[in-house]
Participant: 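My structure is below; once you've seen it, I'll send some questions.
Computed from heavy atoms alone, side chains included, the values below leave out hydrogens, waters and symmetry copies.
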Amino acid sequence: MAASASASTSLIPLHLHHHRRRLPQSTSTITTSSSSSFPRFPSRFRNNRFLLSTSLPFSSSIQSERRLHKAVHSGLGLRTNGGDALKHYTSILGEPVKQSLFLPHHSCTSCCLASSKKRRTSHARFIPGAFLDKSSFQLSKNKLHHTSITSDCAITSHVKRVQLPHATVGPDEPHAASTTWPDGIGEKQDSSLFDSELEQIEGFLNSELPSHPKLHRGQLKNGLRYLILPNKVPPNRFEAHMEVHAGSIDEEDDEQGIAHMIEHVAFLGSKKREKLLGTGARSNAYTDFHHTVFHIHAPTSTKDSNGDLLPVVLDALDEIAFHPKFLSSRVEKERRAILSELQMMNTIEYRVDCQLLQHLHSENKLSKRFPIGLEEQIKKWDADKIRKFHERWYFPANATLYIVGDIDNIPKTVSQIEAVFGQTGVENEKSTVATPSSAFGAMASFLVPKFSVGLGGNSSERSANIDQSKVLNKERQAVRPPVKHNFSLPGSGTDLKPPQIFQHELLQNFSINMFCKIPVNKVRTYGDLRNVLMKRIFLSALHFRINTRYKSSNPPFTSVELDHSDSGREGCTVTTLTITAEPKNWQSAIRVAVQEVRRLKEFGVTQGELTRYLDALLKDSEHLAAMIDNVSSVDNLDFIMESDALGHKVMDQRQGHESLFAVAGTVTLEEVNSVGAKVLEFVADFGKPTAPLPAAIVACVPRKVHIEGTGETEFRISSTEITDAMKAGLNQPIEPEPELEVPKELIQSSTLEELKMQRTPAFIPISPETNATKLYDEETGITRRRLTNGIPVNYKISKTETQSGVMRLIVGGGRAAESSDSRGSVIVGVRTLSEGGRVGNFSREQVELFCVNHLINCSLESTEEFISMEFRFTLRDNGMRAAFQLLHMVLEHSVWVDDAFDRARQLYLSYYRSIPKSLERSTAHKLMVAMLDGDERFIEPTPKSLENLTLQSVKDAVMSQFVGDNMEVSIVGDFTEEEIESCILDYLGTAQAERDHKGEQEFSPPLFRPSPSDLQSQEVFLKDTDERACAYIAGPAPNRWGFTVDGQDLLGTISNDALTINDDQSKSVVPQTEGGLRKSLRGHPLFFGITMGLLAEIINSRLFTTVRDSLGLTYDVSFELNLFDRLKLGWYVISVTSTPGKVHKAVDACKNVLRGLHSNKITERELDRVSFLNMCIYMCVCVCVYIHLSCFKSQLRRMILYAVLTVLFLADYYKLMFPFDSYLLAKRTLLMRHEAEIKSNAYWLGLLAHLQASSVPRKDISCIKDLTFLYDAATVEDIYLAYEQLKVDENNLYSCIGIAGAQAGQEIAAPLEVEEVGDTYPGVIPVGRGLSTMTRPTT
């Protein structure tokens, strides 16, 4: 992956939201829900899959907000992992991965085993499911943005108006069609149709799906294809992606990794790309099996100029893709970076993913061409070798240009494309152009267009006056990928491959993957869409089945997932059954999983399941169609590339809803079960002659396991035992699934009326200082209220996301409120609530299905400071009232279950014991323990602490924080004032909550270890077969509001010396605040939040330029700020990956950059200085040319050349020390992010956090109103005031270096609980970037 061209500090997390930046999280993210499973090793192997999980309603994940929040379509069984490793799958009609619900994020991409751009989808999706507990620890992942991009396909079309039973679509508002289905759907269908109607339906199903009406396609005479889609979200910005159809699969035996090398050299060596720095543009690149993609996200114009920025972006892409300069210096620099990247990503997860891919595709090159390449070959190539590969594959006819964004003038855009690319590659070339293939854009793979981010197919096809007498002799490959597969078809073979076993000492749990491969079935007709819909309905039942059957006991498995999806990057459809379990339970886990799959295959879905899931799909489709104008450009672009790669028809959301609605009326129960059963045959009929043979069965297991009372013991397993366990599951007796009653309401109307009579809910004055019961701010549209039970409420009416809403409950306390004798009680308690998932008299299954029916997604999270619950809902069919009902039931009638507590405690115990097997987590363990003096509230609970917990103690720890004054509810959505206030009074106002919470006075504040200490510099060693290294550097900082751990109020000190602002400045620099008083930045509550964010951008930029780009000591280095809101402290963390031989130098270089802001001052004139130096370089080059041509005396020539080289060296030095105007670039970057996110409901939800929280008294409405002003007003001097508060001296700075390898000096496999507190305190949080095989963002 080529490094991103922009720094990465986000806006809201650093300034307004209660979540914070954290140390990178470890590879073992714990996620259990219908969308995400417990820790598993190939966690990024599949992107989306149908999941069976044991903890549905309240599921949890230990993760960071820098990672995407896992999108969970609980009701439809869809799971989405962040990022994909070997495959980039989308489940049948799969949903997109949803980004962090409230955070902006930087662009990050991948080039190693990455199927897609590691982009975040910014479009909000409805992902039904009950509570997904996202409890996170302090050392959480900051950079896993290589999240999977599963853009929703809008299977849409202008449906032919065929008269179909139950499928009538109104001509005026197809997106608002009713989704109410009569009883007996699918049962009476066949018997009620006459022959003529059957013929009509058959003709309809065989007809083509329509194409997107706004998508323009064309081709230049040199063969370059282009696609243009106007899209207004975000406004005044566009995406431009150049996809070259060449990747690692095209490499010869001695070129393994050369496509990735070209990506690096071409991207980072482009001078035209560098010109975009400072314009607000972001750029990146990645390499995959079958393509290399360079992408730029840019504004349509800049504030400094009214000129169109698109030609500049296109010019940069032209240079990057077709005219790179393979300078030896750049090749060497990128060689170092790639070798560092290779070691960085060589985690146990990467190795597991490689094993899976190698066995799945053992018959073709996919098993031998990982994009990262081979180290021994990477070290050998020279510039000529690299150039030859580029000449062979990088030409216009083998590339596709995608432009999606705020572009109104299509002819003008086409002219700009022709002007930039028209002459590239046409010189002296004569032949015929290849016939366009049906699917171009071999991007990441997905099964079908999904319902949310659909785009067009072949509409507006345009060939730009191709001159057939003057075309290229080079043609792009028409078939992608050029590999052959041994498909798992019935009767295709009789030789069953024995299960393969990958055993490694760094693995913690048992996992097994069973694969089936078949050809891709392109979705082009209504009949194709109907088949996909039926498969999805069928497979959606699986996770509910497993949840129902094992609801009251601890199941033998951790998770069971079934994925059926297309992979464009692999050229096949893959069905995967994945089972994870504790090693001691592996045989039972296999038996149960096989039994449940067999039950579904044999008996099929019930009539109730068919009606329920079909109705949910149609409601979701209807909602997405209504949001057609809110889909972001990057989501649209991703979708186009994915659909084209698979040959699926591309449509918009409205067309998709019409098409889906039409085919839904033809679906029958018998056909659903018939189509779905074929998907499961490779498991349910395993061993039978007629069954498809599995493509591969791969088990990944540990070498040693922990046995209570015994300790570490060898883990033994054989292929025969695996086969026997599968056969045992096939022989288990099975019965049909019973129907389940789904509640229409959680609170009956009569019950609600009684509560209102008893508790008389009403609004009271917002604060003692005012008698107003309602405060409305016209500028922001924010309304503040407070209920008689003490609960403050903030809401904002927003029309940007049609018929959508989000709500968050924030409860003050979190893990910081844990007492010394109940460490871990809050985080285990939140997990227990999630695992149980019951409220009142309703079972977890009923709660889950209630969420499905109302398209509600609810997540539950605990942090060091807060417990929070977040709801996403639709305003259709009383969805908002349903969400409020669920919140009321959690507050009033939560059910705490013993088996859920046992599962939660066991989960954290297992997680704790896996720490010594992770280099990153073990390294961060020592760092955090040393810096925070062993405070277990900021690390993971130890086995001793977990043993001391009881169900009652964790319940008390959590529910004692749910007190009126200690809670705050914020809501943003497309509702009316009457609707929202009615819900607030009815469901929040009737919640019983005590006033005057006193818990804040009781907990002990966290403290840093007294310095100096002999623990400030430590090392960790891990025995491993492969070498790698990482390091973390950290130190104290104030919290977001200027409070320090020693009790200082920095804001008060600074505001006393606030800047005096003259009248000329006041109009643009000082806003009018809520009280009518004018404030300077230094007197503003957000002074430190703003300036720390800008400072982080600058430090990140310098770290990248120095440690990575100039010194070549790392591929991945980042600076993160962790600023608390409630706790009076914060800290910063620098994370760096390297090699054992370079890691100490990398740490020293990071420290020098961190401290170098004193000697290398940030100035607003830096950009001018760089411009001057660039001019010097240009003049020096001219002098060199002149010398070469005219100077005959070699001694004189050498003297002049030495002088020139000296100037060049100094220029490069100053360019390094002053990398562009980092100050202005930081401001522009953060402002652009703010402007891009401001229309998002989730973003506003983050802005509203703590607006009335008593524990965050400095947060007021000005912190939202003044954001733009605050960034504009910040000066270099302000940033230095913030910098002075970071403790970067030797007495306060902590570092820990982790080294893994066969010769590592010391193994860290001893049980953590026996270590001495104060030296290596147990229970550190996972850190690091080993969650996938993908490369990581570098800034």
Side-chain angles (χ1 to χ4, degrees), residues 56-58 74-75 126 128-132 612 615-616 619 740-763 785 787-791 793 795 805-809 811 833-834 836-860 869-897 955 958-959 962-964 967-971 973 975-976 978-994:
L56 231 25
F58 305 96
S74 298
F126 282 98
F131 311 127
L132 314 170
R612 180 161 56 246
D615 182 58
K619 286 180 180 178
L740 184 66
E741 182 181 354
V742 182
K744 295 182 178 180
E745 291 183 321
L746 297 180
I747 304 174
Q748 297 294 326
S749 300
S750 57
T751 304
L752 180 61
E753 290 304 318
E754 291 178 7
L755 282 173
K756 291 165 69 175
M757 291 288 291
Q758 294 172 6
R759 298 175 182 176
T760 59
F763 294 114
R785 289 284 212 169
L787 292 162
T788 49
N789 56 16
I791 299 177
V793 181
Y795 67 84
V806 290
M807 173 170 59
R808 180 182 297 138
L809 165 70
V811 184
L833 193 60
S834 164
R838 293 175 55 186
V839 293
N841 296 322
F842 300 105
S843 69
R844 56 182 297 169
E845 296 73 41
Q846 290 176 309
V847 174
E848 181 70 16
L849 293 175
F850 175 81
C851 291
V852 172
N853 286 355
H854 291 90
L855 293 182
I856 299 172
N857 170 244
C858 176
S859 61
L860 183 64
M869 292 184 64
E870 186 162 321
F871 300 81
R872 288 181 171 274
F873 51 85
T874 173
L875 273 295
R876 290 177 172 78
D877 298 330
N878 291 316
M880 183 168 69
R881 296 194 75 85
F884 270 90
Q885 285 185 17
L886 183 56
L887 176 57
H888 176 95
M889 293 296 289
V890 172
L891 295 176
E892 291 283 281
H893 304 291
S894 295
V895 179
W896 294 76
V897 187
K955 176 182 177 181
V958 172
M959 298 310 294
F962 282 75
V963 181
M967 297 189 290
E968 180 189 51
V969 176
S970 300
I971 314 104
F975 39 71
T976 66
E978 181 181 2
E979 289 172 337
I980 188 61
E981 297 205 344
S982 172
C983 286
I984 292 170
L985 288 171
D986 287 352
Y987 300 109
L988 287 180
T990 55
Q992 193 170 11
E994 299 177 5

Participant: Taking E892 for its side chain and Q992 for its backbone only, find out whether a donor-acceptor pair lies under 3.5 Å.
Facilitator: yes
Participant: For a quick test of reading the model, state the closest non-hydrogen atom pair linking G805 to L875 and the distance between them.
Facilitator: N-CD2, 3.9 Å
Participant: Under 3.5 Å, is there a donor-acceptor pair between the side chain of Q846 and the main chain of E741?
Facilitator: yes
Participant: Give the intermediate values and the outcome of side chain to side chain contact (heavy atoms under 4.5 Å, CB included) for residues L891 and F962.
Facilitator: CA-CA 7 Å; L891 295 176; F962 282 75; 3.4 Å; yes
Participant: For N841 and V895, run side chain to side chain contact (heavy atoms under 4.5 Å, CB included): C-alpha distance rounded to whole Å, both residues' side-chain angles, the deciding distance at 0.1 Å, then the answer.
Facilitator: CA-CA 9 Å; N841 296 322; V895 179; over 6 Å; no
Participant: Just by modelled atom types, is the D986 backbone N or O under 3.5 Å from a matching donor or acceptor in the T990 side chain?
Facilitator: yes
Participant: Hey, what do you get for CG (L887) to CE (M889), rounding to the nearest 0.5 Å?
Facilitator: 11.5 Å
Participant: If every non-hydrogen atom of F842 is compared with every non-hydrogen atom of P743, which pair is closest and at what distance?
Facilitator: CE2-CB, 3.6 Å
Participant: Minimum heavy-atom separation for V890 and M959, please, with both atom names.
Facilitator: O-CE, 4.3 Å
Participant: Quick one: closest heavy-atom pair of Q885 and I747, and the distance?
Facilitator: OE1-N, 3.4 Å
Participant: Under the ring-ring contact (aromatic ring centres under 6.0 Å, His included) rule, collect the residues that match up with F850, sequence neighbours excluded.
Facilitator: H854
Participant: Which pair of non-hydrogen atoms, one from F873 and one from G879, has the smallest distance, and what is that distance?
Facilitator: CB-O, 4.0 Å
Participant: Would you compute the distance between atom OG of S843 and atom CZ of R838 and round it to the nearest 0.5 angstrom?
Facilitator: 7.5 Å
Participant: Nearest 0.5 Å please: distance from the CZ atom of R808 over to the CE atom of M869.
Facilitator: 12.5 Å
Participant: Rounded to the nearest 0.5 Å, how far apart are CD1 of I984 and CZ of R785?
Facilitator: 8.0 Å
Participant: Do V963 and V811 have side-chain heavy atoms sitting under 4.5 Å apart?
Facilitator: no
Participant: Does a donor on one side chain and an acceptor on the other come within less than 3.5 Å for T788 and R759?
Facilitator: no
Participant: If you measure from CG on L752 to OH on Y987, what distance do you get to the nearest 0.5 Å?
Facilitator: 5.0 Å
Participant: Going by heavy atoms in the side chains, are L787 and F763 under 4.5 Å from each other?
Facilitator: yes
Participant: Working to the nearest 0.5 angstrom, can you tell me the gap between L855 CG and R876 CZ?
Facilitator: 9.5 Å
Participant: What I want to find out is whether R612 reaches E845 closely enough, with some N-O distance under 4.0 Å, to be called a salt bridge.
Facilitator: no
Participant: Show the numbers, then the answer: is there a side chain to side chain contact (heavy atoms under 4.5 Å, CB included) between S894 and K955?
Facilitator: CA-CA 10 Å; S894 295; K955 176 182 177 181; over 6 Å; no
Participant: For V852 versus A616, what's the shortest heavy-atom pair and its separation?
Facilitator: CG1-CB, 3.8 Å
Participant: Hey, what's the ring geometry for H893 with H888, parallel, tilted or perpendicular (30° and 60° as the breaks)?
Facilitator: tilted
Participant: Go through it in stages, so that I can follow the logic: the residues are M880 and I980, the test is side chain to side chain contact (heavy atoms under 4.5 Å, CB included), and I'd like the CA-CA distance, side-chain angles, deciding distance and then a yes or no.
Facilitator: CA-CA 8 Å; M880 183 168 69; I980 188 61; 3.8 Å; yes
